[in-house]
J.: 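Once you've had a glance at the structure underneath, I'll fire off some questions.
Chain identifiers are assigned alphabetically (A, B, ...) following the order of the sequence lines, protein sequences preceding nucleic acid strands; residue numbering begins at 1 within each chain.
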Amino acid sequence: MGSVFGNPFWFKLNSQREIMNTMTEQTQRKQEPEITPEVIADHGITPEEYSRIKEILGREPNFTELGIFSVMWSEHCSYKNSKPLLKTLPTSGPKVMVKAGEENAGCLDIGDGYAVVFKIESHNHPSAIEPFQGAATGLGGILRDIFTMGARPIMNMNSLRFGSLDTKEAKHLLKGVVAGVAHYGNCIGIPTVGGEIYFDESYSGNPLVNVMSMGLLKHEELSKGAATGVGNPIFYVGATTGRDGLGGAAFASKELTEESTEDRPAVQVGDPFKEKLLLEACLEVIKSGEIVGIQDMGAAGLTCSTCETASRGNSGVQIDLNKVPMRETGMIPYETMLSESQERMLIIGKKGKEKEVEAIFEKWDLHAVNIGEVCEGHMMRVFEGEKLVAEIPAKALADDGPIYIREEKEPEYLKETRAFDINTVKEPTDFNETLKKLMDVPSIASKSWIYEQYDHMVRTDSVYIPGHDAALVRIKGTNRGLAVSTDCNGLYCYLDPYEGAKIAVSEAARNVVCVGGHPIGVTDCLNFGNPMKPEIFWQFHQAIDGIKDACNAFDVPITGGNVSLYNENPSGAIYPTPTIGLVGVLPDIELRTPSAFQEQGDVIYLMGETFNEIGGSQYLAEVQGVRAGLPPKLDLEKEKQLYKAIHQSQQKKLLRSCHDLSDGGFAVALTECCFSESGKSLGAKLDSLGVFNEGEVRKDALLFGESQSRVIASCDPENVEALEVVLKETKVPFQKVGVVEGNRVQMDKLIDLPVSELEQIFRQAIPRRMETQS
Amino acid sequence: MKASVVVFPGSNCDTDCFNVLSSVMGMDTEFVWHKETQLNKTDLVVLPGGFSYGDYLRTGAIARFSPIMNEVISYAKKGGKVIGICNGFQILLESGLLPGAMLPNRSMKFICKPVWLRCENNDTAFTNKMNSGQLIQIPIAHGEGNYTADDDTIQKLKDENKIIFKYVSETGEEADCFNPNGSRESIAGIINDKGNILGMMPHPERVSEEILGGVDGKCIWESVLV
């Protein structure tokens with residue numbers, strides 16, 4: 001055990017087993033340390049922040065209060081370094097029922113009396129230390145954000161980043177993270193219907209685990225997390241409180257170091273069965289109308305849920321820690337208030353309706369314990385029996401945290417990466433080999449090793465399962481569908497964070513449009529390095545601008561999300577990775593379009609223009625070994641025209657398939673169109689490669705460049721004329737490139753390979769690596 | 001025709017089964033809460049998939065002690081039709097209504113994907129709408145579907161034609177590489193002596209509507225309706 005007085009994480013529990021053991025052990029109650037400058041610094045509180053705390057309280061804080069401030073003013077809870085920039089993002093719109101930041105998650109109207117609640121969140125640091133529980137509890141946390149709004153979660157996605165899959169570390173992390181998501185999501189019975197994954201050295205030692213969840217509700221079922229009505233009871237429901245996850249929010253807000261594995265107690269342990277009970281009971285109690293508010297205990301647990309509900313309700317609250325159900329003995333108020341034990345909720349009941357609430361939780365074998373009440377004033381008062389152990393104005397914690405505008409500076413590395421000259425790269429002599437190599441790149445290859453471990457079909461709403469451009473779920477009892485995609489190319493963002501972030505939004509939207517969806521909203525998970533470094537803050541600012549411009553162009557609001565800073569490992573920051581989760585509605589699900597070719601003889605079209613761009617491409621990185629250049633340029637107006645063309649073609653039922661071009665460019669996308677999950681793979685014969693400016697575009701850029709705003713579509717020969725009319729009217733450049741035919745991929749005279757060979761490489765790339773040690 | 005879907009606290013395919021039975025097959029369907037001690041008059045009891053009680057101990061091991069299971073057992077012993085799907089199959093094994101036990105999948109991983117099944121016996125209340133040897137594609141989604149039993153039990157199942165579904169290839173070939181979980185004899189589903197209790201790992205409720213990519217699961221419900 002380290003110095004009790006020097007480190008807020010002094011409760012070293014080295015394994016889950018040890019945590020389990022403490023459930024039966026009697027633990028000695030810790031002595032509260034005195035507040036010294038070291039203790040303050042260890043809580044991540046600056047001297048200026050400490051002065052503000054004293055100003056707010058009109059006195060010195062005690063140890064419990066210091067802990068409360070430290071978690072509520074951490075980046076994770078307060079967004080102190082990101083708020084001014086986040087405020088520039090568009091958040092309003094006619095469909096917005098709950099705006100970003102107002103509640104646990106944003107809410108959008110989707111018509112027919114239904115609404116959706118969705119949000120993406122990171123669990124990067126916990127997953128780096130303990131991948132299985134880190135990923136599992138990340139999913140658990142986001143699910144509570146959804147059902148606390150009264151919505152039933154209907155689907156999950158995850159966006160993952162690891163180091164090279166040829167390393168032992170990445171294999172270990174991938175295995176653990178996937179098993180953790182599977183453990184939690186499969187048990188609770190919410191399908192994981194899609195996501196995306198990249199492997200790149202940049203994420204070595206600091207993987208990204210971003211999980212998104214979406215829930216569905218009827219308008220009248222929307223519930224809020226506000227504590228109102230003086231005298232109303234406050235219930236604690238769900239799992240008992242222990243020392244697990246102590247200080248998790250603060251842990252998420254610092255850089256990972258060699259010693260971070262010592263922080264393992266800051267990783268929580270999940271119980272999906274308990275969460276399932278909690279989900280059902282909470283939705284039932286919300287429907288009953290017998291409560292006024294509900295809030296999950298996520299980051300900063302009891303602290304965050306009490307002060308946020310009070311702040312939203314313009315009320316005071318008081319709770320008695322002696323009534324909180326505990327799983328360990330001897331916990332001091334500091335520990336109880338900061339615990340991040342999972343599967344817990346706070347409910348604001350109605351005075352006189354206590355019995356009704358208790359009965360609903362009883363039915364699900366859970367206990368609703370009355371731990372306090374809503375009060376006059378604006379204070380959060382925490383008692384331990386008769387003793388007042390913390391007294392802080394709720395608003396000061398929830399809304400009045402410090403705000404910083406950090407210094408910005410363009411990073412030096414960009415001078416070098418921008419200087420990249422395409423002429424220094426020699427074109428391959430054998431394009432067959434290049435294509436085979438790209439199909440074997442784990443970031444491009446089939447992700448079935450991952451999604452086959454996820455139950456992606458439970459709830460029987462999954463119309464398009466992983467492998468399509470976007471996931472598509474139906475809404476039973478309506479003709480509607482919901483399409484969702486998560487996207488972000490970190491390498492693009494590294495080379496140009498503005499353009500990269502703009503592309504992330506556009507690619508997500510394009511994926512959703514390809515399957516037939518109309519984009520309605522975006523949630524973002526902003527993964528960056530240490531914001532105190534001016535170069536990192538510059539990246540952050542640029543990326544926010546990119547997201548803002550793209551969202552404004554497509555008229556889609558940001559409905560919420562998560563900021564994850566301090567993503568660094570001992571060798572530096574990760575690629576800036578603003579992961580975008582975008583949701584679209586299909587008013588008529590019968591107009592959906594699959595990604596893969598469907599029929600022999602169909603005509604293949606390339607929509608959009610191809611430029612002489614290879615900067616930031618997978619081809620340049622993986623085949624040529626160069627991570628440089630500028631990412632492809634994206635013109636938002638052209639992108640919008642493309643959506644218009646696709647939607648009109650879908651409306652007229654002219655498309656048999658539609659697939660977005662992204663990593664690996666045209667050749668990879670065309671090859672993917674030939675694969676089918678049902679085993680009926682088809683071939684493609686192309687006479688042309690869709691060149692618009694012959695001579696100006698190199699062959700490698702033509703085949704593997706990643707020019708934006710392009711899709712490959714196929715169409716019944718009978719509909720060729722009608723499709724071309726739509727494309728001309730919408731002014732989208734297009735070229736008829738070939739036909740669906742045979743069982744080979746033939747591209748002009750450059751590529752000629754059997755589909756089966758390419759498919760074998762594509763399907764085996766990840767399993768092959770996972771099966772080999774080292 | 002009336003159907004009852006038992007709901008354990010951790011069931012998660014209960015609403016999926018309910019939806020197919022009522023909306024697709026038009027049966028008069030009701031949920032039965034696991035704490036109930038009585039089963040209303042019914043023509044079919046479904047034990048749906050999920051993680052009945054979290055299944056941290058052994059799949060289905062605690063569910064058998066549920067109050068409703070006494071009723072299900074006595075209903076089954078009187079000849080009532082019971083189908084257990086996935087976790088429901090595991091519960092049937094744990095409660096002794098079907099012989100054998102489940103081991104974790106041989107890959108030690110949860111597997112969710114469509115698999116091909118061959119109908120080994122179409123002379124049952126659950127398969128009479130199928131042809132003998134008919135191939136159907138139905139998804140599995142489980143971590144513990146590796147069926148096992150002692151040699152005598154396996155021999156008896158074979159001799160008496162109680163193996164209903166086997167994992168095979170798309171062309172009906174039985175081989176180890178087409179067996180997703182390592183189950184003995186490639187067993188995907190078995191029936192009891194009297195022919196009124198079927199347990200199967202694959203999920204027919206997931207392929208009973210065109211929009212979900214197939215309707216191969218429907219023949220089971222259609223057989224029950226005969």
J.: Looking only at atom types and distance, does a side-chain atom of A:D455 sit under 3.5 Å from a main-chain N or O of B:A141, one as donor and one as acceptor?
T.: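 Side chain of A:D455 to backbone of B:A141, a donor-acceptor pair under 3.5 Å: no, none is there.
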
J.: Of all of A:K274, A:E280, A:K363, which one pairs up most often with chain B through heavy atoms under 4.5 Å apart?
T.: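 Top count of heavy-atom pairs under 4.5 Å with chain B: A:K363.
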
J.: Is it true that atom NZ of A:K653 has more than 12 heavy atoms of other residues, nucleotides or ligands lying nearer than 6.0 Å?
T.: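 It does not: A:K653 NZ has 12 such atoms or fewer within range.
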
J.: Considering only heavy atoms, which portion of A:E452 lies under 4.5 Å from any heavy atom of chain B: side chain, backbone, both, or neither?
T.: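 Interface part for A:E452: both.
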
J.: Among residues 181-191 of chain A, which ones touch chain B with a heavy-atom distance under 4.5 Å?
T.: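 Within residues 181-191 of chain A, the residues under 4.5 Å from chain B are A:H183, A:N186, A:C187, A:I188, A:G189.
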
J.: In chain order, what residues pass the ring pair (Phe, Tyr, Trp, His ring centres under 6.0 Å) check against A:H468, with sequence neighbours excluded?
T.: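 In terms of ring pair (Phe, Tyr, Trp, His ring centres under 6.0 Å), with neighbours along the sequence ignored, A:H468 is linked to A:Y464.
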
J.: Under 4.5 Å, heavy atom to heavy atom, which residues of residues 19-31 of chain B contact chain A?
T.: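 Contacts with chain A: B:N19.
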
J.: Using a heavy-atom distance cut-off of less than 4.5 Å, which residues of residues 103-117 of chain B contact chain A?
T.: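 Only B:K109, B:F110, B:I111, B:C112, B:K113, B:P114 of residues 103-117 of chain B have a heavy atom under 4.5 Å from chain A.
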
J.: With a 4.0 Å cut-off, would you call A:R474 and B:E209 a salt bridge?
T.: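 Result for this pair is yes, salt bridge flagged.
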
J.: Need one label for A:D365: side chain, backbone, both or neither, based on atoms under 4.5 Å from any heavy atom in chain B.
T.: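 When you check distances to chain B, atoms from both the backbone and side chain of A:D365 fall under 4.5 Å.
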
J.: Where does the angle between the aromatic ring planes of B:Y53 and A:F273 fall among parallel (under 30°), tilted (30 to 60°) and perpendicular (over 60°)?
T.: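 Ring orientation of B:Y53 relative to A:F273: tilted.
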
J.: Evaluate the criterion side-chain contact (heavy atoms from CB on, under 4.5 Å) for residue pair A:V458 and B:R206; output intermediate values, then yes/no.
T.: CA-CA 8 Å; A:V458 62; B:R206 295 186 180 188; 3.4 Å; yes

J.: Might you work through the side-chain contact (heavy atoms from CB on, under 4.5 Å) test for A:S462 and B:L212, ending with a clear yes or no?
T.: CA-CA 7 Å; A:S462 307; B:L212 301 177; 5.7 Å; no

J.: About how many Å separate CZ of A:R592 and CD1 of B:I211, when rounded to the nearest 0.5 Å?
T.: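 B:I211 atom CD1 to A:R592 atom CZ measures 4.5 Å (nearest 0.5 Å).
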
J.: Tell me if the NZ atom of B:K129 is crowded by more than 12 foreign heavy atoms within 6.0 Å.
T.: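 Not buried by this count: 12 neighbours or fewer within 6.0 Å.
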
